Amino acid sequence: MVYALDPSTKRLGIMGGTFDPIHHGHLVAASEVAHKFGLDQVVFVPTGQPWQKEVEHVTTAEHRYLMSVIATASDERFEVSRVDIDRPGPTFTVDTLRDLRKSLGNDVEFFFITGADALSKILTWRDHEEVVKMAHLVGVTRPGHKLINPGLPASAITLIEIPALAISSTDVRARVALGEPIRYLVPEGVAFHIHKHGLYLDADPSDRGNPQGDM
Ligand code: ATP
Ligand code: MG
């Protein structure tokens with residue numbers, strides 16, 4: 001089972017990401033799109049664990065999954081799926097959508113949510129033409145990035161403006177490593193989880209992220 005989908009869900013938002021860690025920029029994007037598109041639920045899908053040696057510092061999938069669950073626990077519209085972290089190898093959005101479609105059936109409409117930075121790379125995603133057929137794309141504004149249609153048919157994509165939160169996971173990790181505050185950037189429970197498990201204390205502020213897969 002991908003996750004416990006409410007059977008009345010007909011319009012589903014899907015938000016993929018490394019979520020290392022999940023922060024309020026992710027949550028406000030999901031909330032705004034849910035409101036504007038009348039979505040019944042949004043499922044957060046943390047990417048799988050990259051296995052190459054040079055990216056061994058990426059936080060384990062289990063921690064990223066747990067932080068996503070903690071961050072979304074109080075919002076009845078939000079769920080988290082293990083579909084990408086349980087699939088071996090790098091994460092490609094086309095596989096995420098295929099697996100969700102297989103488990104949820106054809107009655108649920110998919111809306112794939114992406115920030116302006118991720119959207120600009122979509123033409124490099126594996127099988128992006130199939131991605132666009134399987135889900136309506138919703139591009140959201142992100143400070144520091146230009147939000148434009150990267151060359152998809154106009155009917156496949158909607159661009160929307162959301163409240164600007166200049167937060168990135170990279171910056172949160174750097175702040176932890178430097179002993180700077182992360183309060184109000186991530187949900188309180190996520191900050192507790194980070195400190196409890198000593199995550200990001202040795203983060204290299206200049207070089208993080210997930211170099212494999214689509215995101
Ligand atoms: P990192 O710095 O590690 O790349 P990130 O903050 O970019 O982390 P991701 O997990 O890479 O977070 O992003 C997942 C999705 O959320 C992407 O589509 C990204 O564009 C979007 N996103 C992340 N932060 C914001 C934000 N502050 N505002 C709008 N969209 C965001
Ligand atoms: Mg990113």
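Nothing here was measured: the structure is a model prediction, and the numbers come from that model. Counting starts at 1 for both ligands and their atoms, following the listed order.
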Numbering as shown, the atoms of ligand 1 that approach S168 to under 4.0 Å (heavy-atom distance): 2 (O), 6 (O)
Does one hydrophobic cluster hold both I122 and I148, with members joined at side-chain heavy-atom distances below 4.5 Å? no
Taking distance alone, with no angle check, do L165 and ligand 1 share an N/O pair under 3.5 Å? yes
Ion pair present between D84 and R64, side-chain N to carboxylate O less than 4.0 angstrom? no
Mind checking whether A164 has a heavy atom under 4.0 Å from ligand 1? no
Numbered atoms and elements of ligand 1 in range of T114, under 4.0 angstrom, heavy atoms: 18 (O)
For V94, is there any backbone N or O sitting under 3.5 Å from a side-chain donor or acceptor partner on R126? no
G48 backbone acceptor or donor facing T91 side chain under 3.5 Å: yes
R11 charged N/C atom sitting above F37 aromatic ring, 6.0 Å / 45°: no
Based purely on interatomic distance, does G115 place a nitrogen or oxygen under 3.5 Å from a nitrogen or oxygen of ligand 1? yes
D117: which residues meet the side chain to side chain contact (heavy atoms under 4.5 Å, CB included) condition with it, sequence neighbours left out? R142, H145
Check residues 178-198 and write down every donor-acceptor pair under 3.5 Å in which the side-chain atom is one partner and the other belongs to a residue at least two apart or another chain.
from	atom 1	to	atom 2	distance (Å)
H193	NE2	H63	ND1	2.9

State the atoms of ligand 1, each with its element, that fall below the 4.0 Å cut-off from a heavy-atom position in M15. 15 (C), 16 (O)
Kindly confirm or rule out an N or O of H23 lying under 3.5 angstrom from an N or O of ligand 1. yes
Indicate yes or no for a side-chain donor-acceptor contact from S31 to the backbone of L27 under 3.5 Å, with no hydrogens or angles considered. no
Derivation and outcome, side chain to side chain contact (heavy atoms under 4.5 Å, CB included), residues L199 and M67: CA-CA 11 Å; L199 303 184; M67 290 188 283; 3.9 Å; yes
Report the member of H24, R173, H145, R142 with the shortest heavy-atom distance to atom 23 (C) of ligand 1. R142
Among the heavy atoms of T141, does any lie under 4.0 Å from an atom of ligand 1? yes
Quick check on the 6.0 Å ring-centre criterion: do H26 and F44 meet it? no
Compute the shortest N/O to N/O distance between A29 and ligand 1 and return yes if it is under 3.5 Å, no if not. no
Any atoms of ligand 1 less than 4.0 Å from a non-hydrogen atom of G17? List them with their elements. 10 (O), 14 (C)
Under 4.0 Å from a heavy atom of D117: which atoms of ligand 1 are those, numbered in the order shown and with their elements? 19 (C), 20 (O)
Could you tell me whether some N/O pair between T170 and ligand 1 is separated by less than 3.5 angstrom? yes
Ligand 1 to S169 polar contact by distance, N or O atoms, under 3.5 Å: yes
Return yes or no for this condition: an N or O of I167 is under 3.5 Å from an N or O of ligand 1. yes
Side chain of S169, backbone of F19: donor and acceptor closer than 3.5 Å? no
Which atoms of ligand 1 are found less than 4.0 Å from any heavy atom of G16? 14 (C), 15 (C)
Where ligand 1 meets G25 - atom numbers and elements under 4.0 angstrom, heavy-atom basis: 26 (C), 27 (N)
